[in-house]
Novice: 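Shown below is the structure under consideration.
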Amino acid sequence: MPEHLLEVCNLSVRFHTAQGPVQAVDNVSWHLDRGETLAILGESGSGKSVSSAAIMNLIDCPPGEITQGEIWFDGQDLLTLSNERRRALNGKRIAMIFQDPLSHFNPVYTVGWQIAESMTAHDRPASEAWARAHDLVKRVGIPEPDQALRKYPHQFSGGQRQRLMIAMALALKPDVLIADEPTTALDVTVQAEVLTLLEDLQAETGMGLVLITHDLGVVADVADRVVVMEKGKIVESGTPHAIYHTPGHPYTRKLVAAAPGKGALRQPSTASEPLLSCRDLAKSYGGFDALKGISFDLMKGETLAIVGESGSGKSTVARLVLRLEDATHGQVLWKGDNLLTMSRRDMTGLRRQMQMVFQDPTQSLNPRMSVHELVSEAWAIHPGIVERRHWRDRVVALLEQVGLTADHATRFPHQFSGGQRQRIAIARALALNPEMIICDEAVSALDVSIQAQVIDLLGELRDRLGLSFIFIAHDLPVVRDFADRVLVMQAGHIVEQGKTQDIFNAPSMPYTQRLLAAGLDPDPDVQAERRAARLLLANS
Amino acid sequence: QDSEVTIVLSEELDLIDPCMATRSNIGRVVLQNISETLTELDVRGDGGVMPRLAESWELVDENTWRFMLRDGVTFSDGTAFDAGDVVHSFERTQSDANSCEISRYYEGIDMQLTAVDDLTLDIRTDPAQPIMPLLMTLLTIVPSETSMEFTRDPIGTGPYQLTEWNVGQSIRLERRDDYWGEASDVSAATYVFRSEPSVRAAMVQTGEAHIAPSISALEATNPATDFSYPNSETTYLRIDQMTAPFGDVRVRQALNMAIDREAFIGTILPDGSIPAVAVVPPTTLGWNGDLTTVDYDPEGARALLAEAKADGVAVDTEFMVVGRIGNFPGATELYEAITAMLTEAGFNAKLQMVEVAEHEQFYSRPYVEGTPYLIGAQHDNSRGDPVFSMYFKYHSEGRQSGVYDERVDALIDQATAATGDEREALWSELFALLHDEIVSDVLLFHMVGFARVSESISFTPTIATNSSLQLSEIGLE
Amino acid sequence: MTELSTQHRPVRSKSHRMLALLWADKFAFTAAGFLCLMILCALFGPMLLADAASGQNLRARNSVPFTLDRGWLYILGGDALGRPLLARIVVAAQNTLMIAAGAVVCSLAIGTFLGLLAGYAGRIWAEVILRLADVIMSFPSLLLAVIVLYILEPSVANLVLVLAITRIPVYLRTTRAEVLEVRERMFVQAAQVMGASRRRIIFKHILPVTLPTLITIATLDFAFVMLAESALSFLGIGIQPPEITWGLMVSQGRAYLTSAWWLAFWPGLAIILTTMSLNLLSSWMRVALDPTQRWRLEMEKRNA
Amino acid sequence: MKQQIGQRALTSLISLLGLVVLVFFLSRLTGDPAALFLPVDASEEMRQNFRALHGLNDPIVVQFGNYMADLARGDFGESLRRARPALDIVLEAFVWTLQLALITMSLVAVAAIFVGSVAAFTVGSKFDRFASLLSLVGASAPDFWVAILAIVLFSLQLGWLPTSGTGTIWHWIMPVAVLFIRPFGLILQVVRGSMLSALGSPYVKTARAKGVKSKSIIFVHTLRNGMLPVITVMGDQAAALLNGAVVVESIFGFPGVGKLMIDAILQRDFNVILAAIMVTALAIFIMNLLIDLSYALLDPRIRK
Ligand SMILES: Nc1ncnc2c1ncn2[C@@H]1O[C@H](COP(=O)(O)OP(=O)(O)OP(=O)(O)O)[C@@H](O)[C@H]1O
Ligand SMILES: Nc1ncnc2c1ncn2[C@@H]1O[C@H](COP(=O)(O)OP(=O)(O)OP(=O)(O)O)[C@@H](O)[C@H]1O
Ligand SMILES: [Mg+2]
Ligand SMILES: [Mg+2]
Ligand code: NI
């Protein structure tokens with residue numbers, strides 16, 4: 001047997017819960033060679049994150065338990081090493097990019113300090129560490145790196161944090177990089193840059209990359225090999241080409257079939273009155289203008305997608321509309337009333353009509369409440385929607401609609417995978433039967449099959465109840481399938497807005513054109529061609 | 001160096017003004033160490049009033065005393081001592097610009113001090129003061145330059161002078177070389193303050209201090225170092241005869257009979273405490289040795305009560321036994337037990353322990369209205385003459401008196417004006433009247449104090465140790 | 001992913017589940033047992049032993065502990081008036097627990113409430129409340145006691161009042177500090193989006209996070225209050241002999257510390273044990289109420 | 001920031017003034033100092049004289065006006081008992097108290113944070129149990145027990161330390177140690193609880209993935225996150241020390257502000273009470289200001 005860079009053999013992980021043990025990873029084996037990119041595809045909650053946590057010695061035992069298996073790295077079984085020796089490997093030889101970038105940053109230290117720490121922890125001098133941190137932050141495309149290093153995590157946008165997390169993981173040029181959904185919050189142009197960065201590093205140091213992703217396009221673009229997981233087990237493995245074109249396992253087939261961006265474009269219903277209008281909405285943080293005066297309308301029953309550069313102010317729009325933060329100036333009109341000047345009490349009354357799914361699901365769920373409590377809280381706040389005795393059934397129904405099961409209701413948020421948490425958040429938003437939902441990257445952590453299920457659900461609600469959506473997403477194929485109109489943002493401005501059809505077929509602004517051109521195709525063959533063309537373009 | 005001693009007192013001194021020397025801790029530092037008096041009471045022998053700054057005295061006429069002062073005495077600031085200083089010292093105690101405590105002993109007396117010459121002093125009084133030499137044991141002499149306000153730099157003629165005062169921490173006295181009298185052994189004394197009795201005792205034990213003038217009885221376990229001394233305090237329950245049911249003598253008798261005094265001695269109170277028959281200690285002039293304590297007789301008490309009840313006395317009236325928290329070691333226990341004994345004998349008694357300020361309200365006129373009460377108090381008279389106690393405690397107009405009896409008033413007035421044997425007899429008569437006939441109060445105990453003295457020095461505490469501590473009496477071994 | 005336990009355990013009642021979690025922590029279980037015993041003493045002690053506790057017997061004064069010569073009530077020795085300490089401790093439990101619980105619960109409730117208000121309501125409110133806390137913090141409790149003693153009647157309720165007021169600031173400030181941080185968390189914003197009222201946000205989302213810390217402080221305050229109470233009885237406010245509390249017993253035993261240690265020791269031990277039990281229970285509660293920590297108890301239960 | 005501090009200074013001044021007014025009037029309701037200063041058998045005339053000397057015969061409003069006028073000139077009045085300016089007395093004592101508080105609190109901070117953090121990190125271990133129990137016993141034991149036992153042990157039996165007093169560094173050891181115990185126990189518990197919550201946070205996972213040493217995970221990453229309640233409670237304990245550690249001061253003969261204040265209150269030495277309260281209140285106000293500012297330093301999310 002040839003020596004692999006990293007080899008996982010027969011790994012099983014089990015969690016203890018109040019309802020009994022949960023087998024999160026079940027007899028999983030895979031390996032990674034030097035310079036290779038292994039993509040792990042899989043259903044949300046299938047054990048991808050847990051198995052990588054096992055490699056990094058991050059599973060709390062108890063309540064977790066590695067029931068069997070070996071993880072070979074550098075000729076030694078990691079599971080038999082002392083904690084201290086594993087610590088020495090972590091970050092230096094094996095690094096990891098976490099799925100939820102916000103919660104995985106320490107809120108009270110500057111990002112510069114945290115990035116530098118990944119080096120100083122391994123005895124690099126501080127000055128060198130800061131210099132490299134500066135360099136890395138620039139490489140991942142954060143503007144004004146000097147200032148950025150001195151800022152705190154909460155001052156960055158979701159995508160920016162994700163990139164900072166990547167910078168942190170790359171600091172010591174590890175031999176193995178485990179990237180858990182590293183591009184879920186990145187727009188395609190930045191995503192392309194990040195993927196190129198990873199490839200460059202691979203070429204430079206022979207780094208092995210384990211890429212956990214749900215994005216078939218990314219797989220098609222960079223993966224050398226693919227393993228597919230479902231319910232804790234590996235169900236299939238092979239080359240991207242083989243997986244895409246001749247999927248063997250039913251789950252894989254479902255996955256490939258569910259790849260978005262192939263359906264018919266929606267024909268928006270003809271104009272009705274605007275439900276929500278933003279007029280010259282602006283927000284500045286200290287001296288920095290995050291939003292520079294934007295105006296748009298959302299019609300009743302319409303889905304307005306906001307796409308755009310990471311850090312361009314998309315989430316800020318959402319926060320301002322819901323008055324989670326005060327706008328610097330501008331108006332937000334809800335059925336003609338200005339939300340921004342409304343009294344707190346009137347606002348509370350309106351709240352139930354508008355809901356939001358936050359970009360960071362982990363942080364938006366109260367860790368002390370069970371799923372049942374989280375979802376049913378809406379009804380406790382607004383009595384009269386669902387009678388108390390129906391709560392249990394209704395919660396179960398909602399959970400099932402988003403692809404979870406009834407016995408998840410008694411669990412707590414920390415016992416879920418990233419994608420599962422996102423779905424809990426969606427279920428919670430739906431519980432109130434609102435008129436408008438703002439989805440901030442609401443489906444970005446879901447595997448395509450679940451994503452399709454959720455999108456279908458949202459679409460159905462839209463058609464049946466006339467729900468309106470503001471759909472913030474980076475995933476253009478999903479937007480293409482789901483949105484009526486698209487609004488493209490860059491650096492706090494709206495650069496272009498129009499019907500989905502128009503934007504996708506005939507983008508007028510150069511940024512939009514670039515965005516569309518950077519899209520990845522799930523078919524490895526197609527993607528290989530695009531890639532070749534792009535490289536050619538870049539080299540010329 | 002070796003002849004320095006450290007004395008640990010129970011609380012910090014607010015002031016070191018000589019005119020406050022009647023306060024026990026101030027007195028221990030000041031009296032006869034820094035400041036001297038014209039006369040001094042002999043507490044070790046029975047010499048009575050002895051000369052100090054006055055060499056002799058005589059009665060010039062009924063109302064005038066003449067004191068011949070000692071020559072060649074200087075104050076620690078170098079000025080010479082003369083009769084003018086005495087006059088000033090007295091005037092100072094009477095001044096409005098301070099609140100000197102000594103003045104209370106001269107209250108109600110019209111006193112005229114005149115310096116006949118430098119060393120001769122006449123004191124004219126109205127009414128006559130047969131005990132003027134005794135009264136002069138209280139007047140500390142300061143130089144005539146001393147301002148009327150309280151001073152923090154006491155100057156005196158005593159064998160020691162104040163050299164250091166670290167507020168809150170220590171006071172240091174050093175021996176004067178130009179003292180008129182005999183030089184004493186101790187060259188310097190440091191006073192420190194600890195409010196915890198066990199710490200005071202421990203300090204002598206570890207050698208950090210040489211004398212702890214008051215430690216608790218419980219700590220006094222080492223016969224080699226620990227001395228008990230009568231501390232001139234007497235505890236008693238004051239009865240206000242104006243309030244029912246205490247107007248009836250049988251009730252007062254019953255109160256006395258209900259209390260088992262012997263049971264307290266050696267238990268809650270240390271051995272050496274004496275059941276009291278008067279409010280002043282036995283060393284006082286006119287002490288009546290014929291009086292005996294009332295025997296413990298709960299049955300008799302009950303019988304008396306029944307008798308009184310039959311006569312329509314409201315013996316069932318609820319009353320309070322008011323005690324002062326922390327008045328003396330074991331105070332709460334003592335009053336608790338007394339209350340229990342009273343209840344046992346059929347009284348409707350309830351205990352109420354109060355804090356100093358409140359106690360004062362109960363104790364002094366005008367008395368607290370409402371529920372009748374017996375107030376537990378402790379009275380200190382180490383001055384050798386009942387005059388310092390009797391008016392306050394028993395005269396119809398006394399501030400703490402519960403007795404309203406013309407015979408008593410008359411006796412007090414007579415005795416105050418009398419001298420010699422007559423005085424003694426009158427006091428004796430008064431004690432008997434109060435104790436046997438009027439049953440003026442529930443007298444409890446003459447208390448004892450305990451001092452711990454290091455084995456490296458020789459010093460025997462006396463009844464005066466509660467109010468003064470002469471460094472010259474300390475010998476070094 | 002497979003659920004190994006396909007068939008669910010029967011859903012047990014909430015209290016039953018908590019009991020099981022309590023059983024899992026043997027220290028906490030013992031603590032709970034001890035507290036129950038104390039509560040029983042408080043409820044029935046005065047009824048059963050009041051006479052024994054107040055009956056004086058100077059011959060049994062300071063009688064040594066651990067002999068049965070004078071009967072089992074004297075097993076812990078006798079006090080300065082020869083009253084059996086065991087009986088007195090049992091009888092004193094009522095007053096002691098009533099005062100301590102009254103003071104601690106009041107200060108905890110008021111302090112927490114004001115702290116939440118200061119942390120979550122407008123600036124002006126916060127400013128007023130916080131300055132109030134500053135003022136209370138700088139106001140010596142003894143002075144407060146003297147004032148209360150003079151202006152109001154000395155009574156147990158006033159004693160509780162004094163003790164409660166002086167302890168308010170710590171809860172107030174701690175709550176506010178925690179609220180400042182917790183309210184910035186995203187789940188609070190999520191609740192806001194759902195239209196949750198302030199009250200709900202405060203009590204449902206913020207309070208549970210801050211409560212464990214407050215309870216930890218409160219348990220130790222229990223001891224503090226029991227001892228402080230005796231210091232105030234020195235001023236004549238509140239409990240006075242012949243009524244008893246543990247604090248009073250401790251301070252009465254103070255003079256005998258070097259000669260008859262048991263006088264102060266047993267009531268002191270009762271205070272320590274009660275405090276410790278409360279604290280163990282609060283530690284247990286911190287774990288049992290925190291879903292991310294609860295496994296510690298659940299696992300132990302399984303291993304046991 | 002500057003403006004904020006300015007505003008804070010203003011409101012603090014107002015509350016200080018309020019405190020003075022409150023104490024001035026309330027304390028004068030608590031009885032007559034003449035009765036306490038003068039012996040029981042002092043005449044009414046002496047009492048009048050005493051009151052006149054200290055202006056206590058004026059109507060209370062006039063007294064207040066005079067006091068405030070003097071105060072405006074920086075004159076805090078004379079002590080009724082000591083014939084000295086009240087402020088001098090208080091400041092002398094406060095220096096001692098401040099030193100005692102600073103030394104004690106620094107030791108407490110270091111020790112409690114260290115032990116508490118390690119206990120939280122090794123939750124359930126022997127170390128954790130032992131540290132918790134020991135600190136709890138210490139924190140709930142009556143302080144005079146500890147003080148007197150320490151004297152008996154270290155001074156009488158072993159002869160290592162002086163019983164009491166001031167002077168050398170040895171004199172500080174026992175008072176500081178006794179004062180140390182309660183805040184140590186309390187803060188240790190708060191640190192432990194706070195850290196326990198913080199250690200479950202995802203950023204701890206990140207730190208572990210980065211290969212950060214446990215030591216720095218505990219003391220750098222989580223500690224700062226759990227610090228808010230800790231410094232608040234430390235502030236409360238420090239305030240208690242600044243208000244004076246009466247028991248320790250009186251047992252060990254430390255000339256601090258606690259004993260001074262108690263005496264002043266018991267003797268109704270109004271000017272000293274007021275001066276002492278103003279000085280300690282100022283210290284407490286400043287301390288609370290520093291604590292409030294440190295919240296924002298510790299947690300950037302609180303900066304607004
Ligand atoms: N602490 C826990 N206790 C119980 N179950 C857990 C716990 N952590 C994870 N699980 C379960 O383990 C399974 C695997 O989780 P994991 O995070 O590996 O999923 P994933 O493949 O990364 O999914 P996603 O793509 O949604 O992030 C999930 O079903 C999850 O519910
Ligand atoms: N609290 C804050 N303080 C300072 N700057 C902030 C703060 N919050 C956001 N920003 C900045 O505002 C800009 C817009 O942030 P926003 O979260 O709206 O971006 P976004 O469009 O949602 O990006 P992403 O797709 O990466 O989530 C970013 O550049 C971010 O750095
Ligand atoms: Mg995952
Ligand atoms: Mg965003
Ligand atoms: Ni994606």
Side-chain angles (χ1 to χ4, degrees), chain A residues 49 52-53 55-60 62 83-110 113-123 150-155 165 168-169 171-172 174 178 180 286 360 362-363 367-368 414, chain D residues 1-4 113 117-118 120-125 127-128 191 193-232 291-304:
Chain A
S49 301
S52 49
I55 298 169
M56 301 298 292
N57 192 25
L58 295 181
I59 296 179
D60 292 315
N83 280 337
E84 176 52 29
R85 292 191 51 197
R86 291 189 75 174
R87 182 196 69 74
L89 290 177
N90 275 3
K92 188 172 178 189
R93 306 286 311 276
I94 312 178
M96 174 150 182
I97 299 166
F98 288 91
Q99 200 171 0
D100 295 305
L102 176 55
S103 41
H104 280 90
F105 271 107
N106 193 330
V108 300
Y109 289 99
T110 60
W113 184 89
Q114 295 188 56
I115 295 175
E117 194 205 22
S118 62
M119 292 169 268
T120 50
H122 295 281
D123 305 323
R150 270 180 277 123
K151 291 211 272 184
Y152 291 90
H154 70 277
Q155 294 171 313
M165 181 65 88
M168 194 154 81
L172 286 172
I178 303 170
D180 194 351
D360 191 312
T362 312
Q363 298 264 310
R368 288 172 172 267
H414 72 277
Chain D
M1 180 83 162
K2 273 225 182 70
Q3 188 199 347
Q4 223 178 331
I113 288 176
S117 306
V118 174
F121 194 68
T122 59
V123 56
S125 67
F127 177 84
D128 176 30
V191 171
S194 208
M195 290 287 282
L196 214 54
S197 313
L199 280 168
S201 308
Y203 57 77
V204 173
K205 288 224 162 100
T206 315
R208 278 166 66 188
K210 286 197 286 191
V212 177
K213 297 184 181 74
S214 306
K215 201 170 64 192
S216 124
I217 290 184
I218 306 174
F219 294 112
V220 178
H221 280 268
T222 41
L223 188 60
R224 186 161 160 191
N225 275 279
M227 238 3 216
L228 253 50
V230 175
I231 56 168
T232 314
I291 289 176
D292 287 350
L293 289 178
S294 72
Y295 291 161
L297 278 185
L298 284 172
D299 195 329
R301 289 168 298 175
I302 294 176
R303 289 171 212 170
K304 274 280 167 69

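For the numbers below, each heavy atom of this structure counts, side chains included, while hydrogens, waters and symmetry mates do not. Numbered from 1 within each chain, the chains take letters A, B, ... in sequence-line order.
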Novice: Could you tell me which portion of A/Q114 (side chain, backbone, both or neither) has an atom closer than 4.5 angstrom to a non-hydrogen atom of chain D?
Specialist: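 Both the backbone and the side chain of A/Q114 come within 4.5 Å of chain D.
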Novice: Is any residue of residues 217-229 of chain D within less than 4.5 Å of chain A by heavy atoms, and which ones?
Specialist: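 The stretch touches chain A at D/V220, D/H221, D/R224, D/N225.
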Novice: Is chain D contacted by the side chain of A/F105, its backbone, both, or neither, given a heavy-atom distance below 4.5 Å?
Specialist: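 For A/F105, the backbone is the part near chain D, not the side chain.
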Novice: Which one, A/S103, A/P174, A/G286, A/A88, leads in non-hydrogen pairs under 4.5 Å with chain D?
Specialist: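 Top count of heavy-atom pairs under 4.5 Å with chain D: A/S103.
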Novice: Considering non-hydrogen atoms only, spot the tightest contact between A/N90 and D/R208 and give its length.
Specialist: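 Minimum heavy-atom contact is ND2-O, 3.0 Å.
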Novice: May I ask you to list the residues in residues 199-207 of chain D that approach chain A closer than 4.5 angstrom, counting heavy atoms only, ordered by number?
Specialist: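 From residues 199-207 of chain D, the residues near chain A are D/P202, D/Y203, D/K205, D/T206.
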Novice: Would you mind checking which part of A/H104 comes under 4.5 Å of any heavy atom in chain D, side chain (CB onward), backbone (N, CA, C, O), both or neither?
Specialist: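 Both parts, backbone and side chain.
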Novice: Compare every heavy atom of D/V212 with every heavy atom of A/R87, then report the nearest pair and how far apart it is.
Specialist: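 Answer, listing the atom of A/R87 first, then D/V212: CD-O, 3.4 Å.
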Novice: I'd like to check the salt bridge (Lys or Arg N to Asp or Glu O under 4.0 Å) partners of A/D360; sequence neighbours left out, ordered by chain and number.
Specialist: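 Scan of A/D360 (salt bridge (Lys or Arg N to Asp or Glu O under 4.0 Å), adjacent residues dropped) gives none.
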Novice: Over all heavy atoms of both residues, which pair between A/A121 and D/G211 is shortest? Give the atoms and the distance, please.
Specialist: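 That closest heavy-atom pairing would be CB-O, 3.9 Å.
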Novice: Return yes when atom NZ of A/K151 has more than 12 non-hydrogen atoms of other residues, nucleotides or ligands closer than 6.0 Å, and no otherwise.
Specialist: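 Buried by this count: over 12 neighbours within 6.0 Å.
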Novice: Please enumerate all residues that pass side-chain contact (heavy atoms from CB on, under 4.5 Å) together with A/S118, with sequence neighbours excluded.
Specialist: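 For A/S118 the side-chain contact (heavy atoms from CB on, under 4.5 Å) partners, ignoring immediate neighbours, are A/M168, A/A171, D/K210.
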Novice: Decide yes or no for D/S216 and A/E117: does some side-chain heavy atom of the first lie under 4.5 Å from some side-chain heavy atom of the second?
Specialist: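 They are in contact (side-chain heavy atoms under 4.5 Å apart), so the answer is yes.
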